[in-house]
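Here the structure is laid out as structure tokens; the discussion comes afterwards.
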Amino acid sequence: MKDFYLEILHVDKNCGARYGILHTPHGDVEVPMFMPVGTLATVKTLSPEEVKSLGAGVILSNTYHLHLRPGEDIVAKAGGLHKFMNYDGPILTDSGGFQVFSLAENRKISEEGVVFKSHLNGDRMLFSPETVMDIEEKLGADIIMAFDECIPYPVDEKYVKNSVERTLRWAKRCKEAHKREGQALFGIVQGGEYEEHRKHCAEELAKMDFPGYSIGGTSIGEPKDVFSKMVDYSVKYLPPEKPRYLMGVGSLDFIFEGIEKGVDMFDCVLPTRIARHGALMTSKGRVNIRDAKYKEDFTPLDDECDCYTCKNYTKAYLRHLYVADETFGKRLLSMHNIRFLIHMMEEARKAIKEDRFLEFKEEMLAKYGSKKGF
RNA sequence: GGAGGAAUAGCGAAGUGGCCAAACGCGGCUGACUGUAAAUCAGUUCCUUCGGGUUCGGUAGUUCAAAUCUACCUUCCUCCA
């Protein structure tokens, strides 16, 4: 696919971190990058222009949720997701594989696919590699995910083995079913914490020759050392020239861990979700803006931050908006958290180009306090 | 002037003899959130040196035991003159 490829421009001499440009039908974006999540065709509370102004390239959306509401046919009629949501940058749709995990009580897995009971009205519907490809083609994102099973952690090895084999068969079916031009279909590496299964999964996917590969099944409650292994065991066996996407990772220390190992793309609901709940990522560590100590704090949320929120508003005001449950507060806080992560990515890219990513990582984690949870 | 009714933790409001330091809601305080069923969820909210102490308008009683029963007082509400 000539309009989608990763151009690797530099690999850090001291680790696996790499800098490059991902070419997509809706524009070029630099990697490593963080992609804000807009599950329902909107990054909650923000306009596409705002998301773009924060430095975001790719926006994520979700097959399961858009299938339920408004339905892929309506999106297609609207002219596709880009037009529908008025975003002309690259869009990535997740396949619903994560919902196999997050909505586990409402679904049943079989070889054919997954029957979900809609969380909205109880409708039963089959998500199979074929139906998911059909939906994702109609949505029309630039990057689409194969339908996989995101398995929980911890889970016994036998389950992992069976699930990986099935995810691989599904990946093959996705590849065969996917026909639309101008869409990059990514295969997803699963395998839990087991090197044997991650390796097998990555190698088999590589044989199928996807334009990019995702690493799934992480950041679901496993300890950091386990997370690290999961990423290692996956990246190691993936073709270096293809983009690597570590799914659902949004805390700074986990992202840096991924970059160091050679991951290019990250997405996470974390910055936007915790922002709506009053938690902020700042250069002083984590801030809960609701806390009483900010009642009369007329300084910016983060004096090192260049975002609209930090340039124009005080903690006392942001706290007031939060406490008063004003929507504007959630918007300002969401902007800040997204900008914080994207700014970190910009700095990380600079560091990689200068072969000092490892120092940069240590410096940032010491400063931002990786123990504080982001 | 007369007749009823009501007073419970910051607020609202249950409780009408022991299982009551007192349900629940709000407000306050705090924490969590990782391919979004999340503008959500959880904890905490009389004092304490964690042994205990002091509470349910006030005072005095009844009782082994009172927020709960009795008497009086105070305040408030409604109705009648």
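Throughout, a chain's letter reflects where its sequence line sits, starting with A, and its residues are numbered from 1. FYI, side chains are in, hydrogens and waters are out, and symmetry mates aren't considered; it's all heavy atoms of this structure. Predicted model only: the values in this text are computed from it and were never measured.
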So for T272(A) and U36(B), does any side-chain atom that can act as donor or acceptor lie under 3.5 Å from a complementary atom in the base? yes

Any salt bridge between K199(A) and E204(A), counting N to O under 4.0 Å? no

Any strand is fair game: report the nucleotide pairing with C56(B) by Watson-Crick or G-U wobble, both distances under 3.5 Å, or none. none

Which nucleotide, G35(B), C29(B), A39(B), lies nearest any side-chain atom of K44(A)? A39(B)

According to ring-ring contact (aromatic ring centres under 6.0 Å, His included), who are the partners of H119(A), at least two apart in sequence or on a separate chain? Y64(A), H65(A)

Give the nucleotide from the list C33(B), U34(B), U30(B) with an atom nearest to the side chain of R290(A). U30(B)

Using the P atom as the point on both nucleotides, what is the distance between C24(B) and G15(B), in whole Å? 15 Å

Take G278(A) and R273(A), find for each the nucleotide of RNA chain B with the closest heavy atom, and name the residue whose nucleotide sits nearer the 5' end. G278(A)

Do the charged groups of E304(A) and K367(A) touch, with an N to O distance under 4.0 Å? yes

What distance, rounded to whole Å, do you find between the two C1' atoms, one in G28(B) and one in C33(B)? 22 Å

Compute the ring centroids of Y5(A) and H23(A), then answer whether they are less than 6.0 Å apart. yes

Please work out if D291(A) contacts a base, only the sugar-phosphate, or nothing of the nucleic acid, heavy-atom cut-off 4.0 Å. sugar-phosphate

Given atom NZ of K295(A) and atom C1' of C29(B), what is their separation to the nearest angstrom? 9 Å

With both distances under 3.5 Å as the test, what is the Watson-Crick or G-U wobble partner of G18(B)? C64(B)

With a 6.0 Å cut-off on the ring centroids, do F127(A) and H67(A) count as close? yes

RNA chain B: L60(A) or T45(A), which has the more 5' nearest nucleotide? L60(A)

Checking contacts here: which listed nucleotide (A37(B), C33(B), U36(B)) is nearest the side-chain heavy atoms of N106(A)? A37(B)

Need the pair for C79(B). Rule: Watson-Crick or G-U wobble, both distances under 3.5 Å, any strand; none if unpaired. G2(B)

Separation of the P atoms in U70(B) and G4(B), to the nearest angstrom: 15 Å

Distance, C1' atom - from C56(B) to A21(B), rounded to whole angstrom: 10 Å

Looking for any heavy atom pair under 4.0 Å, which part of the strands does R107(A) touch: base, sugar-phosphate only, or nothing? nothing

Does Y317(A) form a ring pair (Phe, Tyr, Trp, His ring centres under 6.0 Å) with F298(A)? I'd like the steps, not just the answer. CA-CA 8 Å; Y317(A) 181 65; F298(A) 303 108; over 10 Å; no

Starting at OH of Y294(A) and ending at P of G28(B), how long is that distance when rounded to a whole Å? 18 Å

Can you tell me the distance, in whole Å, between the CD1 atom of I289(A) and the C1' atom of U30(B)? 15 Å

Which distance, rounded to the nearest 0.5 Å, do you find between the CZ of F147(A) and the CD of Q99(A)? 9.0 Å

What nucleic acid atoms does G38(A) come within less than 4.0 Å of, heavy atoms only: base, sugar-phosphate, or nothing? nothing

Report the distance from atom NZ of K330(A) to atom C1' of A38(B), rounded to the nearest whole Å. 11 Å

Could you tell me whether E105(A) contacts a base, only the sugar-phosphate backbone, or nothing, with contacts defined as non-hydrogen atoms closer than 4.0 Å? base

Under 4.5 Å side-chain linkage, directly or through intermediates, the cluster mates of L126(A): V115(A)

When all nucleic acid strands are considered with a 4.0 Å heavy-atom cut-off, which category describes E326(A): base, sugar-phosphate, or nothing? nothing

For A37(B), give its Watson-Crick or G-U wobble partner with both distances under 3.5 Å, or none. none

Is it the case that atom NZ in K172(A) sees more than 12 heavy atoms from other parts of the structure closer than 6.0 Å? no

Regarding G51(B), purine or pyrimidine glycosidic angle vs 90° from 0 gives syn

d(CD1, I274(A); P, C41(B)) in whole Å: 18 Å

Does this structure show an ion pair linking E130(A) with R173(A), if we count only N-O contacts that are shorter than 4.0 Å? yes

Interatomic distance at P, C73(B) relative to A81(B), whole Å: 26 Å

Can you tell me the pairing partner of C29(B) across any strand shown, Watson-Crick or G-U wobble, with both distances under 3.5 angstrom? G43(B)

Among G28(B), U40(B), A37(B), find the nucleotide with the atom closest to the side chain of H277(A). U40(B)

Short side-chain to backbone donor-acceptor contact, Y213(A) and F210(A), under 3.5 Å: yes

Give me the distance, rounded to whole Å, that separates C46(B) from A22(B) when you measure between the P atoms they each carry. 10 Å

Testing U36(B), G28(B), G35(B) for proximity to the side chain of T39(A), the answer is U36(B)

Ranking U36(B), A32(B), G35(B) by distance to the side chain of N288(A), first place goes to A32(B)

With C1' as the reference atom in both, quote the distance from A66(B) to C20(B) in angstrom, rounded to an integer. 11 Å

Donor-acceptor pair under 3.5 Å: do we get one between N62(A)'s side chain and the base of G35(B)? no

Determine the Euclidean distance between corresponding P atoms of G57(B) and G12(B); express it in Å to zero decimal places. 13 Å

Separation of G35(B) atom C1' from R244(A) atom CZ, nearest Å, is 19 Å

Members of residues 82-101 of chain A that approach RNA chain B, where some heavy atom sits under 4.0 Å away: D94(A), F98(A), Q99(A)

Quick one: L280(A) CG to A39(B) C1', roughly how many Å, whole number? 14 Å

Here the distance between atom C1' of A37(B) and atom NE2 of H119(A), to the nearest Å, is 4 Å

Distance check: side-chain N/O of T218(A) vs OP1/OP2 of U34(B), anything under 4.0 Å? no

